[in-house]
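The structure displayed is predicted, hence computed values, not measured ones.
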Amino acid sequence: MNALITPRPWPLARRPLQLGDLAAVAVVEAGAYGHPWSRGNFIDSLAAGYIAELLESPAEGVVGYFVAMPGVGELHLLNITVARAWQGHGHGSALLEVVQAHATQRGLASLWLEVRESNHRARALYCRRGFAQVGLRRAYYPAAVGREDAVVMSLDLSGAAA
């Protein structure tokens, strides 16, 4: 038996994340995580002026998004998410590339993030993108039972700034 495969509409559009996007983002966030960011987390990030962008399909809506906080000499990736239906197609790597471009455009020396120790898929992506594990935050994330450690990762951008 042959299955019909409906191609996804292209191209995808990338734009700043806005308050009006948060209902759709909340659906993706809840589908991706057992302990998703709240609407308030996103509102606070936007109000603070953090870098936040959305990747979307004109026909299917939110594909992914990220939120990053600039700091002194660094950019801290707070949230990067790809909708489950869109995972495995390079969108996470593409979003990570955009985050890195924001950092290098600002002349920042490094990019930082925390990731759940159990999130092997994300950790593998970060390693492929050149991130190194530099620490561990004990009991950082809420978990189904107790708390889970966060792996702290960093990417040195000092040689990438032009």
Side-chain angles (χ1 to χ4, degrees), residues 12 14 16-57 60-103 106 108-158:
L12 300 178
R14 185 174 53 91
L17 181 64
Q18 302 167 0
L19 287 175
D21 299 318
L22 295 186
V25 165
V27 171
V28 171
E29 187 78 1
Y33 305 114
H35 297 278
W37 267 28
S38 69
R39 179 179 174 84
N41 292 133
F42 285 101
I43 290 171
D44 290 347
S45 295
L46 294 174
Y50 295 168
I51 302 164
E53 292 191 11
L54 180 79
L55 183 63
E56 66 184 343
S57 159
E60 297 184 42
V62 176
V63 171
Y65 48 86
F66 69 83
V67 177
M69 177 181 68
V72 177
E74 67 183 43
L75 187 63
H76 191 130
L77 181 59
L78 302 175
N79 187 325
I80 185 167
T81 304
V82 174
R84 286 205 186 273
W86 291 87
Q87 291 179 4
H89 301 284
H91 301 304
S93 185
L95 285 171
L96 201 52
E97 189 172 316
V98 171
V99 173
Q100 183 176 339
H102 278 287
R106 287 166 174 76
L108 302 175
S110 59
L111 181 54
W112 292 80
L113 61 84
E114 291 90 13
V115 59
R116 285 180 182 272
E117 193 170 38
S118 65
N119 192 343
H120 301 291
R121 191 172 184 181
R123 289 174 60 193
L125 168 63
Y126 300 140
C127 287
R128 283 192 307 272
R129 299 284 312 174
F131 283 79
Q133 181 174 335
V134 295
L136 196 67
R137 297 190 198 278
R138 299 272 179 216
Y140 186 77
Y141 289 110
V145 176
R147 302 199 52 92
E148 182 176 355
D149 294 344
V151 175
V152 180
M153 302 184 84
S154 181
L155 178 65
D156 180 7
L157 301 172
S158 59

Taking every non-hydrogen atom, the tightest pair across Ala83 and Val28: CA-CG1, 3.7 Å
Glu97 atom CD, over 12 foreign heavy atoms within 6.0 Å: no
Shortest non-hydrogen contact between Tyr141 and Asp149, atoms and distance: CD1-O, 4.1 Å
Main-chain N/O of Glu117 paired to Arg123 side chain as donor or acceptor, under 3.5 Å: yes
Whether Arg147 side chain and Tyr140 backbone form a donor-acceptor pair below 3.5 Å: yes
Side chains of Leu54 and Val62 in contact at under 4.5 Å (non-hydrogen atoms): yes
Non-hydrogen atoms of Leu136 and Val152 that approach each other most closely: N-CG2, 4.3 Å
Near-ring test Tyr65/Phe42, centroid separation under 6.0 angstrom: yes
Where Leu157 and Ala103 come nearest, the two heavy atoms and their spacing: CD1-CB, 3.4 Å
Residue that, paired with Met153, satisfies side chain to side chain contact (heavy atoms under 4.5 Å, CB included) out of Val115, Leu77, Leu111, Val134: Val115
For Ala52 against Leu46, the heavy-atom pair lying closest together: CB-CD2, 3.8 Å
Check: Gln18 main-chain N/O paired with Asp21 side-chain donor or acceptor under 3.5 Å: yes
Trace of the side-chain contact (heavy atoms from CB on, under 4.5 Å) decision for Arg106 with Leu75: CA-CA 9 Å; Arg106 287 166 174 76; Leu75 187 63; 5.6 Å; no
Distance in Å, Leu113 CG paired with Leu96 CG, rounded so as to fall on 0.5 Å steps: 7.5 Å
Test side-chain contact (heavy atoms from CB on, under 4.5 Å) applied to Tyr126 and Ile80, step by step: CA-CA 11 Å; Tyr126 300 140; Ile80 185 167; 3.3 Å; yes
Ring centers of His91, Trp86 separated by less than 6.0 Å: yes
Note, Val72 side chain near Leu108 side chain (heavy atom, < 4.5 Å): no
Arg14/Glu56 ion pair, N-O < 4.0 Å: no
Donor-acceptor contact below 3.5 Å, side chain Arg137 vs main chain Glu114: no
Worked check of side-chain contact (heavy atoms from CB on, under 4.5 Å) between Leu17 and Glu53: CA-CA 5 Å; Leu17 181 64; Glu53 292 191 11; 5.8 Å; no
Exercise: identify the closest heavy-atom pair between Gly92 and Leu125: C-CD2, 4.0 Å
Whether Glu29 side chain and Ser38 backbone form a donor-acceptor pair below 3.5 Å: no
Any side-chain heavy-atom pair of Ser110 and Leu155 under 4.5 Å: no
Separation of Ser154 OG from His76 NE2 (nearest 0.5 Å): 10.0 Å
Any side-chain heavy-atom pair of Trp37 and Thr81 under 4.5 Å: no
Working for side-chain contact (heavy atoms from CB on, under 4.5 Å), residues Arg128 and Ser93: CA-CA 9 Å; Arg128 283 192 307 272; Ser93 185; over 6 Å; no
Backbone N/O of Trp112 and side chain of Glu74: donor-acceptor pair under 3.5 Å: no
Heavy-atom side-chain proximity of Tyr33 to Arg116 below 4.5 angstrom: no
